Colleague: 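Sharing a structure below in C-alpha cells format, with a few things to ask.
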Amino acid sequence: MKLLLHTCCAPCSVYCVESLQKENIDITSYWYNPNIHPYKEYEARLSSLKEYNKMINVPLIIDDYYGLKEFCKNLIDKLDNRCGYCYLCRLEKTAKYAKENGYDAFSTTLLISPYQNHELLKKTGEMIEKKYNIKFLYRDFRPGFREGREKARSLGLYMQKYCGCVFSEEERYEKLIEKN
C-alpha cells in the first residue's frame, strides 16, 4: 500500500512511521500545517522533520504555504470547534493530494497524540475518505506515544511544547495567566 502520511512534526512521526513500516506500508510524509504559530515554531518543526526524514530515508512532500492569516480567518467563527476545523483543513488537503498523485490511502500522525480529540480525528478522516474516494488508514497510535517521544529525544529532534496553534499556546500558559 502506498500511503501519504500527514505529518505534524518529527517527534509524532517516529512511532507512526516505524509501526507502519512493520506492516510493509510504503510511506511518504506530507507536511501541511498552516495552524502552527508563530512562524519560528513552524520553521523549527519543519526543519526537524526534514532532518528526521533524511535519517530514516522516507520521502517528504512539503506544502510550504504558511497561511496563518487564512487559517485564522476561516477559524474565527469556529473557535469552539477549532480542532475540528484544523483537522478538516489538514486532512482534506492531504487526501486531495493523495488522490491526485496515485496514493492508495492517507493518514495522519495526529493519531498518536493523547492530547488530540481522537474520535473527531477518526470521524473527520472517514468523512474525507468518502468525499475523495480514497482510503483513510486508521490506526490508534496512542499506545506508542511515550516510546516515540523517548526515541525522538534520543535522536536529538526538536520537541515542541504545544499542539501548534496560538490557542494551544495560550492554554499552555493558562494557569500562569490566571495567577496574575
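Just so you know, residue 1 is the first one in the sequence shown, and it goes up from there. Keep in mind it's a predicted model, so treat the numbers as computed, not measured.
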Colleague: Please enumerate all residues that pass side-chain hydrogen bond (donor to acceptor under 3.5 Å, both in side chains) together with Ser13, with sequence neighbours excluded.
Modeller: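 Not a single residue meets the side-chain hydrogen bond (donor to acceptor under 3.5 Å, both in side chains) criterion with Ser13.
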Colleague: What is the distance from atom OH of Tyr32 to atom CD1 of Ile62, rounded to the nearest 0.5 Å?
Modeller: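 Tyr32 OH to Ile62 CD1: 15.0 Å, rounded to 0.5 Å.
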Colleague: About how many Å separate CD1 of Ile112 and CG of Leu121, when rounded to the nearest 0.5 Å?
Modeller: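 These two atoms lie 12.5 Å from each other.
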Colleague: Just to verify, what does Tyr66 make a side-chain hydrogen bond (donor to acceptor under 3.5 Å, both in side chains) with, not counting sequence neighbours?
Modeller: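 Tyr66: no side-chain hydrogen bond (donor to acceptor under 3.5 Å, both in side chains) contacts found.
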Colleague: Mind listing the closest non-hydrogen atom pair of Leu60 and Leu49 along with its distance?
Modeller: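 Closest approach of Leu60 to Leu49: CD1-CD2, 3.7 Å.
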Colleague: Atom OH in Tyr103, atom CD1 in Ile27: separation rounded to 0.5 Å?
Modeller: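 The CD1 atom of Ile27 is 11.5 Å from OH of Tyr103, to the nearest 0.5 Å.
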Colleague: Assess whether side chain to side chain contact (heavy atoms under 4.5 Å, CB included) is satisfied between Ser107 and Leu3, documenting all intermediate values.
Modeller: CA-CA 7 Å; Ser107 192; Leu3 175 73; 4.0 Å; yes
Colleague: Check whether any side-chain N or O of Ser48 sits under 3.5 Å from a backbone N or O of Ala44 as a donor-acceptor pair, and report yes or no.
Modeller: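 Judged by distance alone, no pair lies under 3.5 Å.
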Colleague: Exactly one of Thr108, Thr109, Val17, Leu46 should register a side-chain contact (heavy atoms from CB on, under 4.5 Å) with Thr7. Which one does?
Modeller: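 Passing option: Thr109.
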Colleague: For Leu157 and Val14, what are the C-alpha separation, side-chain angles and deciding distance, and is it a side chain to side chain contact (heavy atoms under 4.5 Å, CB included)?
Modeller: CA-CA 10 Å; Leu157 299 175; Val14 171; 4.0 Å; yes
Colleague: Any side-chain heavy-atom pair from Ile134 and Leu4 closer than 4.5 angstrom?
Modeller: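 Contact flag for Ile134/Leu4 side chains = no.
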Colleague: Would you compute the distance between atom CZ of Arg139 and atom NZ of Lys122 and round it to the nearest 0.5 angstrom?
Modeller: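 Between Arg139 CZ and Lys122 NZ, I get 11.5 Å after rounding to 0.5 Å.
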Colleague: Could you tell me which non-hydrogen atom of Trp31 sits nearest to which non-hydrogen atom of Cys8, and how far apart they are?
Modeller: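 Looking at all heavy atoms of both residues, the closest pair is CZ3-O, 3.3 Å.
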Colleague: Kindly determine whether Met127 and Leu88 satisfy side chain to side chain contact (heavy atoms under 4.5 Å, CB included), including the steps that lead there.
Modeller: CA-CA 9 Å; Met127 178 192 70; Leu88 178 65; 3.4 Å; yes
Colleague: Angle class for the Phe106/Phe136 ring planes (parallel below 30°, perpendicular above 60°, tilted otherwise)?
Modeller: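 The rings of Phe106 and Phe136 sit tilted, inter-plane angle from 30° to 60°.
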Colleague: Kindly indicate whether the side chain of Cys89, heavy atoms from C-beta on, has any atom under 4.5 Å from the side chain of Phe71.
Modeller: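 A side-chain contact under 4.5 Å exists here.
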Colleague: I need the minimum non-hydrogen distance between Asn53 and Pro59, along with the two atoms involved.
Modeller: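 Closest heavy-atom pair between Asn53 and Pro59: ND2-O, 3.6 Å.
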Colleague: Would you call Lys73 and Glu70 a salt bridge, taking side-chain N to carboxylate O under 4.0 Å as the test?
Modeller: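 Glu70 and Lys73: not salt-bridged.
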Colleague: Flag the pair Lys151 and Glu147 as a salt bridge only when some basic side-chain nitrogen lies within less than 4.0 angstrom of an acidic carboxylate oxygen.
Modeller: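 Not counted as a salt bridge, because no side-chain N and carboxylate O are separated by less than 4.0 Å.
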Colleague: Grab the two heavy atoms, one from Asp63 and one from Tyr30, that are nearest each other, plus how far apart they are.
Modeller: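 Closest approach of Asp63 to Tyr30: OD2-OH, 3.6 Å.
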Colleague: Can you name the side-chain hydrogen bond (donor to acceptor under 3.5 Å, both in side chains) partners of Arg153, sequence neighbours left out?
Modeller: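 Here no residue qualifies.
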Colleague: Would you please say whether a donor-acceptor pair under 3.5 Å links the side chains of Tyr132 and Glu100?
Modeller: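 No, no side-chain donor-acceptor contact under 3.5 Å.
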Colleague: Once you round to the nearest 0.5 Å, how far does CD of Gln160 lie from SG of Cys12?
Modeller: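 SG of Cys12 is found 6.0 Å from CD of Gln160.
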Colleague: For a side chain to side chain contact (heavy atoms under 4.5 Å, CB included) check, start with the C-alpha distance between Leu5 and Ile25, then their side-chain angles and the critical distance, and finish with the verdict.
Modeller: CA-CA 11 Å; Leu5 181 65; Ile25 294 174; over 6 Å; no
Colleague: Under 6.0 Å from the NZ atom of Lys2, do we count more than 12 heavy atoms belonging to anything else shown?
Modeller: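 Yes.
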Colleague: What is the minimum heavy-atom distance between Asn133 and Lys99, and which atoms define it?
Modeller: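 Answer, listing the atom of Asn133 first, then Lys99: O-NZ, 3.1 Å.
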Colleague: Is Met1 reachable from Val58 through a run of I, L, V, M, F, W or Y residues, each pair having side-chain heavy atoms under 4.5 Å apart?
Modeller: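 Cluster IDs for Val58 and Met1 match.
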Colleague: Given His118, which partner from the list Tyr138, Phe141, Tyr87 fulfils the ring pair (Phe, Tyr, Trp, His ring centres under 6.0 Å) test?
Modeller: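 The single option meeting the ring pair (Phe, Tyr, Trp, His ring centres under 6.0 Å) with His118 is Tyr138.
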Colleague: In terms of hydrophobic clustering (I, L, V, M, F, W, Y; side-chain heavy atoms under 4.5 Å; direct or indirect links), are Phe145 and Met159 co-clustered?
Modeller: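 Result: no, two separate clusters.
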Colleague: Which atoms form the tightest heavy-atom contact between Ala105 and Ala98, and what is the distance?
Modeller: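 So the two residues come closest at O-CB, 4.3 Å.
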Colleague: Please assess Glu18 against Lys22 for the test salt bridge (charged side-chain N to carboxylate O under 4.0 Å, His left out), listing each intermediate value before the final yes or no.
Modeller: CA-CA 6 Å; Glu18 288 180 359; Lys22 287 177 185 172; 5.7 Å; no
Colleague: Say you draw a straight line from OH of Tyr85 to CG of Asn74; how long is it, rounded to the nearest 0.5 Å?
Modeller: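 One gets 3.5 Å once the value is rounded to the nearest 0.5 Å.
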Colleague: Is there a path of hydrophobic side-chain contacts, each under 4.5 Å between heavy atoms, that joins Leu110 and Tyr115?
Modeller: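 Linked, Leu110 and Tyr115 end up in one cluster.
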Colleague: Less than 4.5 Å apart, any side-chain heavy atom of Met55 and any of Leu155?
Modeller: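 Heavy-atom side-chain distance check passes, below 4.5 Å.
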